[in-house]
Amino acid sequence: MSRKKDKKLTRAGVSGYNKPKRTPNHKKKSHVVVAKVGNRTKLIRFGQQGVSGAGKSPKSASEKARRKSFKARHAKNISKGKMSAAYWANKVKW
């Protein structure tokens, strides 16, 4: 018995649920993911396009401060879980 692929997955061009992908041709957002929790699915675009920054391994003091500020500023939204853009930005970009 074959399952039909969700339209959101095909539209976003991702291979599966909760698998983020870069979107270099999107004019504003840098990544896309189809988040799934239980039976709910949601297409989420996140991240500012073209930003080079602190990322996962900050080296300078200013990069470390930038990373810390992002996490503090978005802590409430990150804690909402997989259905929020902040969660995915934190996981993928920071």
Please report, to 0.1 Å, the donor-acceptor pairs under 3.5 Å made by any side chain of residues 23-34, with sequence neighbours excluded.
unit_1: T23; atom_1: OG1; unit_2: K29; atom_2: O; d: 2.9
unit_1: T23; atom_1: OG1; unit_2: S30; atom_2: O; d: 3.2
unit_1: T23; atom_1: OG1; unit_2: H31; atom_2: N; d: 3.4
unit_1: H26; atom_1: ND1; unit_2: K28; atom_2: N; d: 3.2
unit_1: H26; atom_1: ND1; unit_2: K29; atom_2: N; d: 2.9
unit_1: S30; atom_1: OG; unit_2: K93; atom_2: NZ; d: 3.0

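Contact detail for A86 and I78: the closest heavy-atom pair is O-CG1, 3.6 Å. Contact record, P20 with V92: CG-CG2, 3.6 Å, taken as the closest heavy-atom pair.
Placement of L9 and L43 within a single hydrophobic cluster is found when ILVMFWY residues are connected by side-chain heavy-atom separations under 4.5 Å, directly or transitively.
Residue K68 places its NZ atom among 12 or fewer non-hydrogen atoms of other residues, nucleotides or ligands, all under 6.0 Å distant. More than 12 heavy atoms of other residues, nucleotides or ligands sit less than 6.0 Å from atom CZ of R22.
With sequence neighbours left out, K21 forms a side chain to side chain donor-acceptor pair (under 3.5 Å) with no residue at all. Partners of F70 under the ring pair (Phe, Tyr, Trp, His ring centres under 6.0 Å) rule, at least two apart in sequence or in another chain, are H74, W94. Looking at residues two or more places apart in sequence or on another chain, you find a side chain to side chain contact (heavy atoms under 4.5 Å, CB included) between K82 and N18, V37, Y87, W88. In this view, S15 and K19 satisfy the side chain to side chain contact (heavy atoms under 4.5 Å, CB included) rule, not counting sequence neighbours. Residues that satisfy the side chain to side chain donor-acceptor pair (under 3.5 Å) test with K8, not counting sequence neighbours, are T41.
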> What do the steps show when you test S69 against R66 for side chain to side chain contact (heavy atoms under 4.5 Å, CB included), and what is the final call?
Replying inline: CA-CA 5 Å; S69 293; R66 187 170 173 222; 5.8 Å; no
